[in-house]
Amino acid sequence: MQKIIITLFLWTLLPLSLWAGEIEFTASAPSEVAAGERFRLTYQVNARPSDFRAPDIRGFRVLSGPSQSSSTSMQMINGRTTVTESFSYTYVLQGAEEGTFTIAPAQITVDGESHRSNSLTVRVRPGTTPPSSPPSQERTEQPSQASDSDLYIRATASTLSPYQGQQVIISYTLYTRVTVNQYSIDRLPSYRGFWTENITAPGQPQTRTEVINGQTYRVAEIYRVAVFPQRSGELRIEPLQTELVVSLPAQRRQSLIDDFFSGSAFGGRQARQTIESNALTLNVKALPTQNRPASFSGMVGTDFEVNASVNQKDLNVNDAVNLSIAISGRGNMRMLEKPSLNFPANLEVFDPNISDNIRNTTSGVSGSRTYDYVMIPRTAGEFVIPESEFVYFDPQAERYVRKPISQFVLQVSGETVLPGTTPGAISQEAIKLLGSDIRYIRTGNIVLTPAGSVFFGSNLFWILIIVPFLLFFFFVIHLRNQIKLQANQELLRNKKAEKLARKRLRKSKTFLDKKQENDFYDEIFKALWGYLSDKLSIPVSILNKENVEGAFRAKKVKQELSDSFMATLNDCEFARFAPGEKEDRMADIYHKALNTIVTIEKDLRNKQT
C-alpha cells in the first residue's frame with residue numbers, strides 16, 4: 001500500500017514539474033477572413049529568444065511586420081523572485097486570393113535550443129465586390145495618372161554591404177512634380193531575415209526642393225526604418241507600396257509654388273494612384289571568426305559603454321545587496337543578452353530585473369539596458385565577484401571591442417547560522433544524558449487502547465493519507481486555472497472590471513463627502529471610462545462614444561442601457577459647469593454612475609449565462 005501511495009504522489013508532481021519549465025511558442029490568427037481583409041498574425045513566446053525565423057507566408061500579402069514587442073514582470077513570493085518575460089512578433093496580412101492556406105510553423109532559438117510554433121490554417125472567403133464606377137466623361141487624350149518621371153518613390157540604404165546584426169537605415173523618399181493631396185502606405189515590405197524598428201519622424205513629413213536632371217521636385221521622406229540583418233548572405237527587401245491622391249493639370253502643368261500636401265489646383269482634376277518604390281538587395285557579411293573573444297554574445301553596434309556598481313560593500317549575513325550593470329550604445333538593444341558573471345559560492349543570486357531605456361530616433365536605435373541583480377550572502381567572510389567583460393563587434397572599425405566590468409569585493413560580517421545550531425537547540429550529548437536519567441512520573445488521566453488495536457492501517461490512517469493527495473491535486477488544477485487566467489489579460493480585466501469600478505466609486509464618494517468637486521468628477525470619469533476599457537477590451541487611448549456604442553451593439557446590450565450610460569457621461573461633462581446646488585448635483589451623478597455600472601454588469605452577465 002505504501003508503494004501505491006508513493007507512486008500516486010510522484011505521478012501528481014510530474015505534470016506540474018514538466019509544465020513549469022516548458023517553453024511555449026504559439027502562433028495565432030483568425031481562422032477565416034474575407035478576400036482583401038487585413039488581419040494580424042502573431043507569434044508569442046514566454047522566454048527571451050536569440051533568433052526568430054519566420055516561415056514563407058504564401059497566399060497572403062504581407063502589409064507590415066514583423067513588429068516586435070516584449071513585456072517583463074517580476075514576483076517575489078516567500079523570499080523567492082520569479083521573472084516572467086513575454087515576446088511577440090506581429091505581421092499584418094491581407095487575403096490575396098480565395099482558398100484555404102496553411103501557414104507553416106516559425107522557429108526561434110532559446111538558450112541554444114530550437115523551438116517551433118504551431119502551424120495555422122486560414123480560409124479566405126470571397127470578398128465584397130465594390131460597384132463599378134460609371135465611365136469617365138473626360139477626354140481620352142488626357143492622362144489618367146502622373147507619369148513615372150513626375151511621381152516616384154526612391155528607397156535608399158545607409159549601406160548595402162552590412163555585417164550580420166549591423167544597424168542599417170532604410171529611407172523611403174517621395175519625389176513629385178504634381179500636387180499630392182493625400183497619401184497612405186498601403187503595403188510595407190516583409191523584411192524577411194531582418195529585425196526591424198520604425199524610426200519615422202512623427203507628424204507630417206518635412207518637404208524640400210531638389211533639382212534632378214534639370215527638373216525641380218518636391219521631396220519628402222514618408223517612411224524610415226532601422227533594420228538589423230539576422231543572417232549572412234544576400235537578403236532582398238521588397239518594394240514599399242503607397243496609394244496617393246494627386247491633382248493632375250487639365251491643360252498645363254501646375255506651378256510648383258503650390259504646397260506639397262494642398263488640395264487640387266484650379267482647373268485640375270484628382271486621380272488616385274498606387275506606386276511602388278524600388279527593391280533593395282543587401283549583401284550581408286558574416287562576422288569575422290578571427291580574434292573573436294569567447295565571451296562575445298552576438299552584439300553588433302557602436303559607442304557601447306558599461307557601468308557597474310553595488311549599493312554597499314560592507315554588510316551582514318543574510319542582508320541583500322544590489323549589483324547594477326548598465327550597458328548603453330547604438331544598436332539592436334532589444335536583443336542584448338545579460339553579461340556572463342561568475343558569482344562565488346554561498347552568495348545567493350536571483351535572476352536580474354531588466355529595465356530598458358531605448359530610443360528610436362531618425363538617426364537610429366540607441367539607448368541602454370540595465371540588469372539589477374539581488375544578492376544575499378549566506379555565510380560570513382569575503383566574497384569576490386571577479387572582473388568580467390562585455391564584448392561587441394564594431395562594424396565601422398571592423399573589430400571586436402572589449403569593455404571591462406569591474407571586480408567587486410564584499411565584506412560580510414556576522415555569525416553564520418547553520419542548520420542545527422540555532423539558539424535553544426539541544427545538543428546530542430544532552431539528548432543521550434536525558435535518555436539515561438530517571439524519567440518523570442506522568443500524572444493525570446491515562447487513555448488506554450485495547451491490545452492489538454493500532455493506528456497504522458486503521459480507517460483514520462488511510463483517510464489522513466489520501467485526503468492530502470486529493471487536496472494537492474485540486475490545488476494543482478486551481479493553480480493552473482489561475483495562471484491561464486493571468487495569461488489572458490483581456491479575460492482578467494473583464495472579470496475585474498466591476499470590482500475596479502466600485503473601488504473608484506468608493507474613492508469618489510470620499511471626495512463627495514469632502515466636497516472636493518474637481519477630484520470627485522475626475523474619479524467618476526475614471527470609473528466610467530475604466531469600466532468600459534476593461535469590460536469591452538478597448539484601450540483607454542482610443543475610447544470614444546462612437547466605438548463604445550458599437551461595442552455595446554456587438555455585445556447586444558439593450559439600447560436603453562447604452563443610452564443611459566452615454567447620458568451619464570454627458571451629465572458628468574456638463575455638471576461641474578452647470579448652475580445650481582453643487583452637492584445635490586454631485587450626489588445625483590454618483591448614484592447615476594453606480595446604478596448604470598451595476599445595471600450593465602447584470603445585463604452582460606445574463607447574456608453570458
Side-chain angles (χ1 to χ4, degrees), residues 18-19 21-71 84-111 113-128 185-198 227 230-231 235-238 240-241 334-335 480-481 483-494 537-539 554:
L18 292 175
W19 168 77
E22 184 180 358
I23 300 297
E24 295 184 359
F25 182 35
T26 58
S28 60
S31 59
E32 182 175 330
V33 296
E37 179 183 352
R38 301 184 181 190
F39 65 96
R40 293 180 182 274
L41 167 65
T42 302
Y43 295 95
Q44 190 164 10
V45 60
N46 63 344
R48 180 180 295 273
S50 58
D51 185 23
F52 172 76
R53 295 181 295 279
D56 186 12
I57 303 175
R58 297 183 179 180
F60 302 96
R61 182 179 294 113
V62 180
L63 302 181
S64 66
S67 59
Q68 301 87 19
S69 62
S70 63
S71 63
T84 304
E85 292 181 299
S86 178
F87 295 82
S88 63
Y89 304 83
T90 303
Y91 290 86
V92 177
L93 306 180
Q94 185 180 48
E97 53 185 283
E98 300 175 18
T100 301
F101 303 93
T102 299
I103 301 177
Q107 293 185 356
I108 58 169
T109 303
V110 177
D111 295 332
E113 296 185 1
S114 180
H115 299 269
R116 292 166 59 90
S117 71
N118 55 295
S119 60
L120 294 172
T121 300
V122 181
R123 176 179 174 267
V124 181
R125 63 177 185 272
T128 303
I185 296 176
D186 191 44
R187 186 183 71 234
L188 288 173
S190 61
Y191 299 110
R192 187 174 293 109
F194 295 90
W195 178 291
T196 63
E197 295 282 352
N198 184 5
V227 300
Q230 299 297 292
R231 63 176 184 267
L235 297 180
R236 176 182 168 85
I237 298 177
E238 300 298 328
L240 175 142
Q241 182 174 297
R334 302 187 195 280
M335 295 296 288
R480 290 186 177 183
N481 291 335
I483 292 177
K484 289 181 179 179
L485 182 61
Q486 292 290 336
N488 191 338
Q489 292 297 320
E490 289 189 3
L491 180 59
L492 183 63
R493 289 175 58 193
N494 185 292
S537 300
I538 302 175

Might you point out which heavy atoms bring [X] and [Y] nearest each other, and give the distance in Å?
{"X": "Tyr43", "Y": "Ser117", "answer": "CE2-OG, 3.6 Å"}
{"X": "Ala106", "Y": "Ala54", "answer": "CB-CA, 4.4 Å"}
{"X": "Pro30", "Y": "Val122", "answer": "O-CG2, 3.4 Å"}
{"X": "Pro49", "Y": "Val110", "answer": "CA-CG2, 4.1 Å"}
{"X": "Val124", "Y": "Ala34", "answer": "CG1-C, 4.1 Å"}
{"X": "Ala104", "Y": "Pro55", "answer": "O-CG, 3.2 Å"}

If I take atom [atom1] from residue [X] and atom [atom2] from residue [Y], how far apart are they, to the nearest 0.5 angstrom?
{"X": "Phe194", "Y": "Leu235", "atom1": "CZ", "atom2": "CG", "value": "4.5 Å"}
{"X": "Ile108", "Y": "Ser114", "atom1": "CD1", "atom2": "OG", "value": "8.0 Å"}
{"X": "Arg334", "Y": "Arg48", "atom1": "CZ", "atom2": "CZ", "value": "10.5 Å"}
{"X": "Ile57", "Y": "Thr102", "atom1": "CD1", "atom2": "OG1", "value": "13.0 Å"}
{"X": "Asn198", "Y": "Leu188", "atom1": "CG", "atom2": "CG", "value": "8.0 Å"}

Write out all pairs satisfying salt bridge (Lys or Arg N to Asp or Glu O under 4.0 Å) with one or both partners inside residues 29-39, taking only residues at least two apart or from two chains. Glu32-Arg123, Glu32-Arg125, Arg38-Asp186

Whether the side chain of Asn46 engages the backbone of Glu24 through a donor-acceptor N/O pair (distance < 3.5 Å, no angle test) should be reported. yes

Under a 3.5 Å distance rule, please check whether Asn118 uses its side chain to pair with a backbone N or O of Thr26 as donor and acceptor. no

Kindly indicate, with the supporting measurements, whether the criterion side chain to side chain contact (heavy atoms under 4.5 Å, CB included) is fulfilled by Leu41 and Thr90. CA-CA 6 Å; Leu41 167 65; Thr90 303; over 6 Å; no

Indicate whether the side chain of Gln44 and that of Ser28 have a donor and an acceptor atom separated by less than 3.5 Å. no

Going by heavy atoms in the side chains, are [X] and [Y] under 4.5 Å from each other?
{"X": "Phe87", "Y": "Phe25", "result": "no"}
{"X": "Arg192", "Y": "Asp56", "result": "yes"}
{"X": "Thr100", "Y": "Thr121", "result": "yes"}
{"X": "Val227", "Y": "Trp195", "result": "no"}

Near-ring test Phe39/Phe60, centroid separation under 6.0 angstrom: yes

Go through the structure and list residues passing side chain to side chain donor-acceptor pair (under 3.5 Å) with Arg236, not counting sequence neighbours. Glu238

Specify whether Phe52 and Tyr91 have parallel, tilted or perpendicular ring planes, treating 30° as the upper limit for parallel and 60° as the lower limit for perpendicular. tilted

